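To start, the structure under review is shown below, and the notes come after it.
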Amino acid sequence: MSTEDTPSAPRSLAEALRARGDAALGALLRSRPDLITPVPTDLTQLATRAGTRASVVRALERLDRFTLQTAEALAVAADPAAYEELLGLMAGDAGDPAVTAALPHALDVLREQALVWGGDDRLRLVRTARELLAPSPQHPSPTGLGPTVQEATAGMSPGRIQEIVTAAGLPSTHDSVSAVTALTGLFTDRERMAALLADAPADSLDVLERLVWGPPYGQVTPDPAPRLRWLLDRGLLLPTAPGTVVLPREVALHLRRGLAHRTPEPVPPVVEAAAAHRPQVVDSTAAGQAYTALATVEELLKDWDEGGPAVLRAGGLSVRDLKRTAVALDVPEPVAAFWVELAYAAGLIASDGEADERYAATPAYDEWLERPPAERWARLATAWLAATRTAGLVGGRDAKDRTLSALGPGLDRSAAPEVRHRVLALLAALPEGAAPDPESVLARLRWERPLRGAQQQENDLRTRLARWALSEAELLGVTGRGALSAHGRALLGAAAPVKGPAAEPSGASGPSGASGPSGAGDKLPVHHHRPTPLTPLSSAEQAVASAAAARLLAPLLPEPLDHVLLQADLTAVAPGPLRRPLADMLGVLADVESKGGATVYRFTPGSVRRALDAGQTASDLHAFLATHSRTPVPQPLAYLIDDVARRHGHLRVGAASAYVRCDDEAVLGEILADKRAAALGLRRLAPTVLAAQADPAGLLEGLRSMGFAPAAESAEGDVLITRALAHRTPPRSAPEPVPDGPPVPDDTLLAAALRAIRAGDLASTAPRKPGTVPAADGELPRTGSAETLATMQAAVLTGEALWIGYVNAEGAASQRVIAPIRVEGGFVTAYDHTADEVRTYPLHRITGVAELADDAG
């Protein structure tokens, strides 16, 4: 028995909501959280808010395809409609068993979300939803149906209606109402309609076939062809405007065998597996990609260590800087945009806020580097899962035809986290090691959130977000070879993976045996064709899931090495990832020549000089290589280090404008004679000193380009060690995701909201004694101060409850039901039934008081 199937059927949505229990009201507020922002004062206001256009549109957009089809069928049914009529529109005359089994649950969802109310004998779609979904010339119905006979003949002359009735073989009537009723009865009678159409010309039936599934409107000339005239004479086509005719809804339903939709879709598309791999292969592949992701982000931040690209005036990276970053990372530009946005979402990079604003690493990056690799990956993956910034949009255009740039404004899409989560949840429902067919994933998502209006699927944002989610999950190492990894499953907070090749994804099976109508408030079993989505986790739950993912990933990541293999061709091979101190030092001493499973470093005079500039000596470098090489230090490398070290610092550059000094006069003479030195503006001040017009940094760079190895010196004549100082931004927080509407209320907020709504409803619906009811619903009671005081004092003696109007210090008005306990000093202390506690109210803030009826609870 439905909670709404009371002896007296509810007359409004507010009454239907009033009959619900707290669990059913809580389900409504969870599914439509916009209804609780702010908390309604009572159930009447809640019902009003549930019927507003913005809220109804939001609710309709979150229905799956079959539930939306059910709402669309109700919009073309009678108002109110019986369950049997709705079932006929959905299952057709043949009675599709899958639709019959699925319809009760779809109706329950519509009732739960307050889009439908009433018992099974009087189903009502809320007025706003009916206006949005019902057919009209301006907004055709998704069903493709047109207006009813009654609607289409509303402006037709009585004489013309009688002509149609007579041509259709019906007896003439005395008024238009009975004539339209008779014509409607003919069109809804299957046997009589079949007999009428049996006499129709074949080309007239062809016209009906073209209109039957919509759009139902067609154009005619002032002198219609005979095939059209036959239809117009019998009302099978009705004029709606000059030159326009429409196929009446009843005729279309007869031709469709009662179906409101050409293809009802009670069962969601199955997510099919395109390939199956051993779980160990999936996990190891995903772990390898996770390590590559860490290395890529580190390389990106190292490249920006001394200050990255400039921030555009409108925000974001320029196209040129994104190309440079892509070249530095050796990836395509869209992939480079993804890594940049990921680092930004994780709070590792930000703008420094200086006058010449640039992007740089944040202090959080240094902290992140100290974490174990698995924990660093978990932070990146968690940031990706929750981020609303969408790297796939980079390079596109916004509504004002401006280019969307990486790290710039306009990249937030509030649906992105939900789509990513849903895509991974669908992968988690597949057997372990199964990689899905991407198109089947997209088809499932379109069923769960169908497109409405004139949107094209190729331009559907959710479809693009899903494609990006699949590719980004692979880049990040959440999936391996297209299948969800064990650590990816843990990151999602999913249950244990499905075992066995024949396992079926959630929502893939056929209809259950349940059929027939159900009560509006009964707890129906959830049919196993319905999806069971893994809802996004709370922040605390996500932290636990991320830690679990890190624990699963840690054993799969390669152990860092403490050695390299030196070769005679002035290269060093790192057969795997290196420990951080070794990698940092080798990055200064040598240049990376190639990356992959093994990294190849090349030693050059410039790279050795870079190490010497950083404060290392030749003996330090020899000792470093001897310690960390599994092969003997090749003689060419030792000679290279000694040769560069011997010349390093032979020339000294200091600040005059700038000067060069050298004990060897011949070297200075060689510099002056070199044509490449002309731009430096050199002149000899003394046998061992040259003055320059260039600044010290430019002079150092110029001499180095000429093949010399100068060293900078201080004002005291000491060699300056030019260590590269890492540039960091001030402390920055990661960008906050843009919420997709109001958040789902937690249990505490939900309980408080329900209590407040019930309390306000009690105050607004409590029966009053005759003569005390306000002039208008919701108006506060009004009494004078003397009458208010006297009524309060009398209630203290009798113990009766009173209905009061109260205005708090912020000016908010409310109605309350109280039982006064004590009145003194300008205050009344009373048990507040609406708040379920004892409270004290200033008498001057009470607008008025009224006595409740004797039978009021």
Side-chain angles (χ1 to χ4, degrees), residues 296-329 331 333 336-369 383 387 389 391 393-395 398 400 402-412 584 587-588 606 610 613-614 653-658 679-681 692-705 712 714-715 720-736:
T296 303
V297 173
E298 287 183 38
E299 186 175 355
L300 168 67
L301 272 296
K302 188 180 294 183
D303 188 50
W304 292 8
D305 208 35
E306 298 180 44
V311 180
L312 292 175
R313 184 181 304 174
L317 285 181
S318 67
V319 175
R320 180 181 300 175
D321 286 329
L322 181 60
K323 287 181 178 179
R324 288 173 179 166
T325 302
V327 170
L329 298 180
V331 296
E333 288 178 39
F338 167 70
W339 293 121
V340 169
E341 283 290 342
L342 179 62
Y344 179 58
L348 304 181
I349 60 175
S351 60
D352 58 13
E354 302 292 340
D356 53 342
E357 196 171 15
R358 310 187 76 82
Y359 289 106
T362 65
Y365 170 63
D366 298 307
E367 177 189 348
W368 180 75
L369 282 178
R389 292 186 61 83
L393 296 171
V394 172
D398 63 8
K400 296 182 178 180
R402 295 174 300 195
T403 302
L404 295 170
S405 58
L407 301 180
L411 295 183
D412 282 292
D584 291 344
V588 175
R610 186 170 63 229
D613 287 341
V653 174
S657 173
L680 301 177
Q693 296 178 2
D695 60 88
L699 183 55
L700 281 167
E701 187 63 31
L703 293 175
R704 285 170 180 167
S705 67
S714 66
L720 290 175
I721 297 173
T722 56
R723 298 183 185 274
L725 297 177
H727 179 62
R728 295 289 180 264
T729 70
R732 296 278 193 264
S733 57
E736 287 291 332

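Just so it is clear, the model here is predicted, and its values are computed rather than measured.
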Got a second to check how far [X]'s [atom1] is from [Y]'s [atom2], nearest 0.5 Å?
{"X": "L301", "Y": "Y359", "atom1": "CG", "atom2": "OH", "result": "14.0 Å"}
{"X": "K323", "Y": "R320", "atom1": "NZ", "atom2": "CZ", "result": "9.0 Å"}
{"X": "S705", "Y": "L700", "atom1": "OG", "atom2": "CG", "result": "11.0 Å"}
{"X": "Y365", "Y": "L300", "atom1": "OH", "atom2": "CG", "result": "8.5 Å"}

Do [X] and [Y] have side chains that get closer than 4.5 Å, going by heavy atoms?
{"X": "E298", "Y": "W368", "answer": "yes"}
{"X": "V394", "Y": "L322", "answer": "yes"}
{"X": "W304", "Y": "T325", "answer": "yes"}
{"X": "I349", "Y": "L407", "answer": "yes"}

Give me the atom names and distance for the closest heavy-atom approach of [X] to [Y].
{"X": "L404", "Y": "G410", "value": "CD2-O, 3.8 Å"}
{"X": "P363", "Y": "P730", "value": "CD-O, 3.8 Å"}
{"X": "A337", "Y": "A406", "value": "CB-CB, 4.4 Å"}
{"X": "R358", "Y": "A310", "value": "NH2-N, 3.9 Å"}
{"X": "A364", "Y": "G347", "value": "CB-O, 3.8 Å"}
{"X": "A658", "Y": "A694", "value": "CB-O, 3.0 Å"}

Side chain to side chain contact (heavy atoms under 4.5 Å, CB included) between R728 and T362, intermediate numbers included: CA-CA 5 Å; R728 295 289 180 264; T362 65; over 6 Å; no

Short N-O contact, D321 and R324, less than 4.0 angstrom: yes

Backbone of L348 reached by a side-chain donor or acceptor of R732 within 3.5 Å: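 Between the backbone of L348 and the side chain of R732 there is no qualifying donor-acceptor contact (under 3.5 Å).
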
